[in-house]
Q: 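Pasting a structure here, questions to come.
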Amino acid sequence: MKGDFDVIVIGAGHAGLTAAICAAESGASVCVLEVSPKNVRGGNSKHTRNLRPMHESALHPLEGSYGFDEYMDDLLRVTDGETNQALATLTLEASANSVPWLKDHGVAFQPPLGGTLHLGRTNAFFLGGGKAVMNALFQCADKLNITVVYEALDIQLDVDNGVFRRVDYSHQGNTEHLTAASLVVAAGGFEANLEWLAEAWGDAALNFLVRGTPYNRGDILRQLLAADAVQIGDARQCHAVAIDGRAPQFDGGICSRIDCVPLGIVVNNQAERFYDEGEDFWPKRYAIWGRLVAAQPDQVAYSIIDSQSAGLFMPTVFPPVEAPSLRELAEKLGLPQESLSTTVDTFNHSIVEADFNHQILDGCHTQGLAIAKTHWARKLDKPPFRAYMLRPGITFTYLGVEVDANARVKFNDSTCTSNIFAAGEIMAGNVLGQGYLAGIGMTIGSVFGRIAGREAARHAR
Amino acid sequence: MQDELTQTSAPVTAPNLLPLYEESARIMTICNACRFCEGHCAVFPAMEQRLTFDRETVDYLANLCHQCGACYQHCQYADPHEFNVNVPRVFAEVRHSSYAHYAWPKGMAWAIRNAGRFTILTTLLATAFFLLGVTLSGDQSSEGVGFYAVISHNTMVTIFSFVGWLILLVWYFSIRSFWLTTALPGIFNIPLPVYRRAMVSILTLKNLDGGHGHGCYQQGEVASQLRRVFHQMTMYGFLFCFVATSLGTIYHYGLSAPAPYDWLTAPKFFGVTGGVSLLVGCAGLWWCRRSTEQAIETEDGGLGNSLIGLLFFTSLTGLALPLLKGTEYLAIILCLHLGFVLALFLNFAWGKFMHSIYRCVALLASEYEKLRQ
């Protein structure tokens with residue numbers, strides 16, 4: 001052994017633990033450094049619920065097939081070509097093994113959850129969600145005698161000419177040093193670092209809610225970039241959805257979602273509509289609404305429905321603001337009353353009546369509006385009126401380090417073979433340069449976690 | 001900004017509820033927006049059929065909950081998250097409250113709320129009653145054989161059939177009031193598959209398998225089948241003893257063959273295997289309760305241990321009886337045994353035993369809802 005351990009992994013999320021387990025199974029001694037306390041471990045992975053594996057035939061719990069070509073089409077469509085084709089191909093092909101690998105490591109799956117039937121063919125849902133996955137992986141790590149250090153604070157990497165030398169961190173008040181033959185960075189993105197986001201988004205970022213862990217501050221990513229690792233993606237690219245404005249600043253997770261946007265109208269704080277709420281089915285469009293709300297004054301918007309929509313969308317964690325008239329609703333929301341009345345009146349008068357059906361792209365649309373609503377347009381005239389305040393909820397960021405097919409981090413002008421490997425969100429931008437595809441993040445973590453663990457162990461030999 | 005907009009703790013969906021039910025509604029509202037636990041047990045699919053959670057709904061869902069602990073172990077909103085979601089614990093409290101709420105007559109709710117004291121009191125009184133009866137009647141029942149030499153068959157039958165009918169009456173009213181809060185129609189209007197599926201859940205304790213088949217989470221994050229096994233040893237042990245008693249009745253009246261029976265007869269076989277199974281099952285359950293994760297455990301005033309204790313000691317004294325035949329200890333152990341049995345009978349009506357009945361009704365209701373969808 002050339003150091004204290006063969007392999008050090010930074011970050012104990014799904015990608016990090018996958019790498020640690022694979023490295024240990026290849027015979028390496030492994031230490032995982034995690035910044036969070038044990039009782040909130042698991043990074044953003046504890047909030048996840050599925051991954052998206054390629055499968056040419058039925059793969060429990062998935063029915064039917066989701067072959068390479070269809071998968072690649074989906075990826076190219078959402079990223080608009082912003083992907084490294086070679087790495088994307090590798091990811092999709094290797095994703096076929098993700099479900100069997102997780103099953104072998106104690107993870108159970110289940111059919112799609114209520115309200116997610118549209119993902120039943122493509123996305124394999126974890127029984128109990130991401131925290132159950134993480135518990136299973138931590139149990140595996142334990143059996144493999146992997147050392148996991150929680151609350152490893154202020155981690156400082158010593159990287160010279162693209163080569164990892166040692167890591168310093170403080171733990172329970174003491175400064176510790178560790179060396180290892182290779183390093184895996186799986187420390188996530190920087191979405192919890194609003195100051196960094198503000199560098200790209202301006203002050204608007206200060207109104208973002210973070211759907212995941214407060215520990216993804218991008219400190220490791222910053223250090224690698226400062227050590228001249230090749231950057232991929234730009235800081236404005238992220239997965240952000242419109243969530244309930246009352247969600248906690250961090251870790252609100254899945255239940256802060258608001259699914260009623262296509263059923264009503266969405267206005268900004270001037271009580272003006274700003275985008276076609278009925279453009280397409282919500283699952284296909286919800287990922288754009290984080291950005292849309294972020295572009296509005298004060299990064300806030302209001303989804304307004306009437307009583308006709310009750311029960312047609314997933315239940316929300318917070319109750320809606322409710323009022324018997326639009327005027328009173330505006331008052332409760334703090335919106336200009338005249339303006340809201342005008343917006344709703346104009347909207348109501350522009351509607352072309354048709355048979356409403358929220359399960360198909362129906363014919364209910366508006367006519368003559370500057371901003372049309374192309375489906376599911378119904379008059380808002382059945383009190384009580386209900387509203388949810390929306391804020392941008394940032395889920396993960398895409399700016400990262402560039403890797404090769406062995407998950408090895410690339411450095412500018414390096415003359416050495418790097419011993420640094422990356423997995424998960426910190427390198428997801430290699431495959432997902434922009435846009436969003438449900439379950440792709442965990443898929444990238446699964447594939448590159450396995451590659452990084454295997455290659456880091458190989459490098460250590 | 002208005003208060004409604006800045007509210008940061010999760011909401012209450014139904015007004016005017018007791019704090020316990022407010023907390024349940026708050027948690028169910030979070031769970032209903034999350035739904036990650038859907039695959040663990042019957043609670044979550046039933047929850048998803050609803051948008052609001054009033055007292056009746058919460059009682060129903062809580063009685064569906066088997067306290068496997070999976071949803072707590074896997075919850076992204078569990079403590080230290082500010083949502084502080086803990087379904088197994090709040091539902092355990094709701095169940096205790098519901099046993100008292102649906103008790104009949106109303107006045108007997110105190111027996112459930114003070115289960116430990118009630119059990120000790122009834123056991124002591126019942127044992128004293130039998131001891132006193134035996135002492136006062138002296139040595140006069142010489143016409144009986146075995147136990148019946150101590151207390152005549154007719155005396156036992158009189159006492160226990162009186163209590164038996166009382167239990168049936170209590171069950172009728174208790175079950176009826178719980179039943180009416182569920183979606184269930186009359187018992188004859190429930191399709192057979194509903195009974196069949198509920199029966200499978202009961203006989204296999206499906207809802208303690210964690211959804212993945214590896215068991216429940218009583219001690220931390222590793223699933224184990226132990227509690228499920230101990231519970232079923234207790235349940236089947238109890239059913240075997242019930243079969244033994246029923247066979248004894250048939251032998252006595254139908255075949256004119258009164259007890260005691262030889263070791264190789266059917267009543268003895270069911271009685272002894274059932275009794276041993278009860279001993280192991282109850283001891284195991286007691287151990288499970290002691291080692292249950294503190295986070296999902298609640299103080300129940302001796303409710304759980306009283307049933308386990310009564311079953312254990314009824315079984316222990318029952319198994320001891322044939323071994324003590326012809327000794328001076330027979331009379332006192334028989335009185336003790338009958339004291340435990342009588343206290344157990346009272347537990348059937350006003351104790352933890354009722355959990356099995358409410359659980360069965362809740363499982364029936366959940367299967368019925370699934371079929372109707």
Q: State whether the number of non-hydrogen atoms from other residues, nucleotides or ligands found under 6.0 Å of B:Leu192 atom CG is greater than 12.
A: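 Count not over threshold, so no.
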Q: Considering non-hydrogen atoms only, spot the tightest contact between A:Cys255 and B:Cys34 and give its length.
A: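 Minimum heavy-atom contact is CB-N, 4.0 Å.
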Q: Counting only N and O atoms by type, is there a donor-acceptor contact under 3.5 Å from the side chain of B:Gln73 to the main-chain atoms of A:Asn135?
A: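 Not a single qualifying donor-acceptor pair exists.
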Q: Rounded to the nearest 0.5 Å, what separates atom CD in B:Glu82 from atom CG in A:Asp251?
A: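 Between B:Glu82 CD and A:Asp251 CG, I get 9.0 Å after rounding to 0.5 Å.
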Q: Go through the structure and list residues passing side chain to side chain contact (heavy atoms under 4.5 Å, CB included) with B:Asn32, not counting sequence neighbours.
A: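 For B:Asn32 the side chain to side chain contact (heavy atoms under 4.5 Å, CB included) partners, ignoring immediate neighbours, are A:Pro315, B:Arg35, B:Met47, B:Glu48, B:Phe53.
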Q: What distance do B:Phe36 atom CZ and A:Asn50 atom CG have between them, rounded to the nearest 0.5 Å?
A: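 Answer rounded to 0.5 Å: 8.0 Å.
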Q: Could you work out, with salt bridge (Lys or Arg N to Asp or Glu O under 4.0 Å) as the rule, every residue matching A:Arg52, not counting sequence neighbours?
A: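 A:Arg52 satisfies salt bridge (Lys or Arg N to Asp or Glu O under 4.0 Å) with A:Asp74 only.
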Q: Please list, in residue-number order, every residue in residues 36-44 of chain A that has a heavy atom less than 4.5 Å from any heavy atom of chain B; write 'none' if there are none.
A: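 At a heavy-atom separation under 4.5 Å, chain B is reached by A:Asn39, A:Val40, A:Arg41.
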Q: With a cut-off of 6.0 Å (strictly less than), are more than 12 heavy atoms of other residues, nucleotides or ligands near CD of A:Gln249?
A: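 Yes, CD of A:Gln249 has more than 12 neighbouring heavy atoms, counting only those of other groups under 6.0 Å.
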Q: Under 4.5 Å heavy-atom distance to chain A, tell me which part of B:Tyr77 shows up: side chain, backbone, both or neither.
A: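 It is the side chain, since no backbone atom gets that close.
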Q: With chain A as the partner, which of B:Pro80, B:Cys37, B:Ala223 has the greatest number of non-hydrogen pairs under 4.5 Å?
A: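 If we count pairs closer than 4.5 Å to chain A, B:Pro80 comes out on top.
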Q: With a 4.5 angstrom heavy-atom cut-off, is it the side chain or the backbone of A:Ala132 that approaches chain B, or both, or neither?
A: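 When you check distances to chain B, atoms from both the backbone and side chain of A:Ala132 fall under 4.5 Å.
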Q: With a 4.5 angstrom heavy-atom cut-off, which part of A:Thr213 approaches chain B: side chain, backbone, both or neither?
A: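 The answer is neither part of A:Thr213.
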Q: Of the non-hydrogen atoms in A:Gln139 and B:Glu221, which two are nearest, and what is the gap between them?
A: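 In terms of heavy atoms, the two residues are closest at NE2-O, 3.0 Å.
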Q: To the nearest 0.5 Å, what is the distance between CD1 on A:Ile254 and CD1 on B:Ile30?
A: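 These two atoms lie 14.0 Å from each other.
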Q: Between atom NE2 of B:His212 and atom CZ of A:Phe109, what is the distance when rounded to the nearest 0.5 Å?
A: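 B:His212 NE2 to A:Phe109 CZ: 13.0 Å, rounded to 0.5 Å.
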Q: How far does CE of A:Met134 sit from NE2 of B:His74, to the nearest 0.5 angstrom?
A: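 So the CE of A:Met134 and the NE2 of B:His74 are separated by 12.5 Å.
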Q: Drop me the distance from A:Lys46's NZ to B:Cys75's SG, to the nearest 0.5 angstrom.
A: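 Atom-to-atom, A:Lys46:NZ and B:Cys75:SG are 11.5 Å apart.
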Q: Could you please state which residues from residues 365-373 of chain B sit under 4.5 angstrom from chain A, measuring non-hydrogen atom to non-hydrogen atom, sorted by number, or 'none'?
A: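 Residues of residues 365-373 of chain B touching chain A at under 4.5 Å: none.
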Q: Determine the interplanar angle of the A:Phe318 and B:Phe83 rings, folded into 0 to 90°, and report it as parallel if under 30°, tilted if 30 to 60°, perpendicular if over 60°.
A: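 The arrangement is perpendicular - the two ring planes meet at more than 60°.
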